[in-house]
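Have a look at the structure below, then the notes.
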Amino acid sequence: MEHFLSVEDLRVHFKTADGIVKATDGLSYTLDRGQTLGIVGESGSGKSVSSSAIMGLHAGTTAQISGSVWFDGVDLLTLSQAEMRKLRGKEIAMIFQDPLSALHPYYSVGKQIAEAYRVHNSVTKKQARTKVIEMLELVGIPQPDRRFDGYPHEYSGGMRQRAMIAMALINDPSLVIADEPTTALDVTVQAQILDLLQNLQKEFNTAIIMITHDLGVIAEMADDALVMYAGRAVEYGPVSEVLTHPEMPYTWGLLSSVPDVTADTDARMVPIPGNPPSLLNQPPGCAFHPRCVHSSKVPGDLCRTTLPELLEGPRGGGHLTRCHLADPEQIYETQVIPEIAPMQAEER
Ligand SMILES: Nc1ncnc2c1ncn2[C@@H]1O[C@H](COP(=O)(O)OP(=O)(O)O)[C@@H](O)[C@H]1O
Ligand SMILES: [Mg+2]
């Protein structure tokens, strides 16, 4: 079956004075309309770089990009910058963590959203204003006709993020890439924004790529989860599989570093010891091996010498893992890892 979005062997390498930074190195995934893919990983794992490549945002930089990004039957990586500009903001839209950096301080919020609409639609200013007010109302901004003329600094953080969502969705894009959209917000507002995105997704049948370092967000929002480490997918599959039967020790680490909201203290939160590797001159073998306490269970020097392939595990079901451990499930069972509660649900 042909997927709506199919990323195949995507590589984004940056030439720097110190060498080549392999920020994305052979990433593949698929996504269909109405579905959400959650991409999760520590800071610096290549989440933003890989998604910006889909948007064509590395044009004019030192980035060397290869692979394919099939979007509705077209390989986006073969399009010209002018062709990408036509798609960007119309068919594919992005929501960022920090709306203040995406909104210009000198123009009213409404004017900026209207501009985003007028770029892709031949309408009068008055028609655009009406459409924007409709959209502001849809994303839950009170008194939208009055708020239209407000400036970004007059909006609260949550309201700014709602305005960003209105701007991203005003042209009814079929794909939305949300890059840590709720990271800067407090938990209650975060839950409201995720709810809003889910409702709009249902209404417009949007495909969403949700980038986050928060497994609670993945548990709440995503159909599929893709765990990134050092520019590669290390675990990928249906979210119910990945979160309840994780097979990669890195994912176990992520799961145990989620604060247990049901516990009295956060004593059960165990961050993964060590740091992610430099993406310059990566060592051979599994990129996670220097931090992995289980590599001694693998015969020979395999974890240090050979990059594991991303393969379907014994449970099947399209659950892929990049790990040399023969039966990770069995080892995982002996780990003490708190169950992941979708924390947004707790807040409602
Ligand atoms: N223009 C660039 N030149 C060199 N390295 C870059 C560039 N942009 C990003 N990187 C590196 O790529 C890696 C992945 O970054 P990013 O995708 O932003 O991570 P995250 O998972 O936190 O979103 C980081 O190590 C970052 O330093
Ligand atoms: Mg990022």
Side-chain angles (χ1 to χ4, degrees), residues 7 9-29 31 36-67 69 76-77 81 92-102 161 164 168 175-185 190 193-194 197 208-218 221-222 224-236 242 248 250-251 253-254 257-258 271-272 274-283 287-288 290-291 310 322:
V7 172
D9 202 26
L10 178 65
R11 282 165 216 269
V12 185
H13 295 180
F14 296 101
K15 252 193 190 151
T16 71
D18 300 321
I20 294 177
V21 176
K22 297 182 176 175
T24 304
D25 208 25
L27 186 67
S28 301
Y29 58 78
L31 180 62
T36 300
L37 170 71
I39 300 185
V40 64
E42 286 166 296
S43 177
S45 55
K47 304 182 299 293
S48 296
V49 164
S50 55
S51 311
S52 301
I54 295 176
M55 293 283 283
L57 294 178
H58 295 300
T61 73
T62 60
Q64 298 173 314
I65 304 182
S66 67
V69 177
L76 297 184
L77 297 188
Q81 289 197 47
I92 311 175
M94 204 153 177
I95 303 168
F96 298 96
Q97 175 180 336
D98 178 14
L100 268 189
S101 65
Q161 198 52 289
M164 275 300 296
L175 172 65
V176 170
I177 301 175
D179 194 348
E180 314 242 11
T182 58
T183 301
L185 304 172
Q190 172 174 342
I193 297 288
L194 293 180
L197 273 174
I208 296 183
I209 297 177
M210 174 62 69
I211 298 173
T212 177
H213 57 259
D214 183 345
L215 281 173
V217 172
I218 299 280
M221 286 282 295
D224 288 337
L226 187 148
V227 182
M228 274 191 88
Y229 192 77
R232 298 195 188 97
V234 294
E235 185 147 11
Y236 176 41
V242 171
M248 168 73 192
Y250 177 62
T251 313
L254 282 182
S257 59
V258 172
I272 309 171
N275 292 307
S278 155
L279 299 181
L280 274 171
N281 314 315
Q282 278 205 49
F288 186 60
R291 300 170 77 185
L310 187 68
R322 192 188 287 285

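Every number for a ligand or one of its atoms is a count from 1 in the order of the listing.
Here the closest non-hydrogen pair linking V242 and V227 is CG1-CG2, 4.3 Å.
Rounding to the nearest 0.5 Å places CD of Q190 at 7.5 Å from OG1 of T212. With rounding to the nearest 0.5 angstrom, the CE atom of M210 is 14.5 Å from the CG atom of L226. Between the NZ atom in K22 and the CZ atom in R232 there is a gap of 7.5 Å [rounded to 0.5 Å].
Remark: the backbone N or O of G41 is paired with a side-chain donor or acceptor of K47 at under 3.5 angstrom. When atom types are taken as modelled, the side chain of Q282 and the backbone of A230 share a donor-acceptor pair closer than 3.5 angstrom. In terms of modelled atom types and a separation under 3.5 Å, the side chain of R322 and the main chain of A233 share a donor-acceptor contact. Side chain of H58 to main chain of V49: a donor-acceptor pair is present (N/O by atom type, distance under 3.5 Å, no hydrogens or angles). The closest donor-acceptor contact from the side chain of S28 to the backbone of D9 lies under 3.5 Å.
Around ligand 1, the residues contributing at least one heavy atom under 4.0 Å from the ligand are F14, T16, V21, A23, E42, S43, G44, S45, G46, K47, S48, V49, L279.
For the Mg ion (ligand 2), protein N, O or S atoms closer than 2.8 Å were enumerated as S48 OG, with waters left out.
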